[in-house]
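In what follows, every heavy atom counts, from backbone to side chain, and hydrogens, waters and symmetry copies are set aside. Throughout, numbering of the chain's residues begins at 1 and tracks the sequence.
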Amino acid sequence: TDFRAAYWDSQTEATPENERRRADLELDLRRVKGDTDAYQAVSAALEEELHEPELQRQLEVLRLSLLGNQMDETRREGIVQLGSSIEGDFASYRPSIGGRPVSENDITEILRSSDDEALRVHAWRASKEIGSVVEERVRELVRLRNATALDLGFADFYNLSLESQEMSEPWLFSALD
C-alpha cells in the first residue's frame, strides 16, 4: 500500500518530505478506521448470532482494527503528527562520540567488542542522547493516547493496545518470562 511504502521511505530516508507524506497517509488511514458508523455497524453485527465462524472472526479483527481509532479529529491529528515527528527524529538522529557522528550499528559494535571501558561508557551515553530530543513530545503523545483509551473505557493506552492485539497481560508476561 502507499502508506507502507511511505512509512518505509520515512524510516530509511528521513527527510521532511518523506515524514510529511507518511503522516498524511497515516492520517487518511486513521480517518477511515475512525468512522464511528462503521465501528458501530461492525459491533452490532458481532452481537447477532453468526453461524459462520470465519465471518465472525473477520468482523472481530475489523472491530479491533477500528477500536483504537475512535476519537475526535483534533486528537487524531495530534497523535499522528507527534508520532510521525518522534519517529522521524529517531530515524534521522545521529549521536556523536568524541565529536564524530556515529550510527546505531557503530554504537552496538563498540558496546559488543571494545576493550576500552571509557569508550563503551561514551557509546552507551550517546545511545541515550535522542531521549532529550523527543522527551516532551513523547510525554504529550502518551497523554493523548491515554486520553483516547480512557474515552474508550480502558485504564490507559497500554491496556487498549493489549485488547486491540488480543493479548492479556498475564499471557504477555508469561511469554516474556
Under 3.5 Å donor-acceptor, [X] side chain and [Y] backbone:
X      : Y      : result
Thr108 : Glu104 : yes
Gln70  : Lys33  : yes
Ser85  : Gln81  : no

Kindly compute the distance separating [atom1] ([X]) from [atom2] ([Y]), expressed to the nearest 0.5 Å.
X      : Y      : atom1 : atom2 : result
Arg120 : Ile97  : CZ    : CD1   : 12.5 Å
Leu160 : Gln165 : CG    : CD    : 9.5 Å
Ser161 : Asp156 : OG    : CG    : 8.5 Å
Leu144 : Arg137 : CG    : CZ    : 13.5 Å
Arg21  : Thr15  : CZ    : OG1   : 10.0 Å
Glu117 : Leu119 : CD    : CG    : 11.0 Å

Taking CZ in Arg125 as the centre, count heavy atoms belonging to other residues, nucleotides or ligands within less than 6.0 Å. Is the count above 12?
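12 or below, so no.
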
Tell me whether [Y] is reachable from [X] by hopping between hydrophobic residues (I, L, V, M, F, W, Y) whose side-chain heavy atoms are closer than 4.5 Å.
X      : Y      : value
Phe157 : Leu67  : yes
Leu46  : Leu62  : yes
Met71  : Tyr39  : no
Trp124 : Ile110 : yes
Leu27  : Ile79  : no

State whether a side-chain donor-acceptor pair under 3.5 Å links Asp106 with Ser103.
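Yes, side-chain donor-acceptor contact under 3.5 Å.
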
Within the 3.5 Å criterion, strictly below it, is a donor on Glu26 or Tyr7 matched to an acceptor on the partner's side chain?
no

Return the minimal non-hydrogen interatomic distance between [X] and [Y], and the atom names on each side.
X      : Y      : answer
Ala45  : Leu59  : CB-CD1, 3.9 Å
Val80  : Arg30  : CG2-CD, 3.3 Å
Leu64  : Ser164 : CB-O, 3.7 Å
Ala123 : Leu111 : CB-CD2, 4.1 Å
Ser84  : Glu19  : OG-CG, 3.1 Å
Arg94  : Pro101 : CB-CB, 4.3 Å

Is a salt bridge present between [X] and [Y], judged by a nitrogen-to-oxygen distance below 4.0 Å?
X     : Y     : answer
Glu47 : Arg63 : no
Arg57 : Glu54 : no
Asp28 : Arg31 : yes

Can you tell if the side chain of [X] reaches within under 4.5 Å of the side chain of [Y], non-hydrogen atoms only?
X      : Y      : result
Leu162 : Ser168 : no
Asp72  : Asp151 : no
Ile86  : Asp89  : no

Scan Glu87, Glu13, Glu17 and name whichever one has a salt bridge (Lys or Arg N to Asp or Glu O under 4.0 Å) with Arg22.
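Of the listed options, the one satisfying the test is Glu87.
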
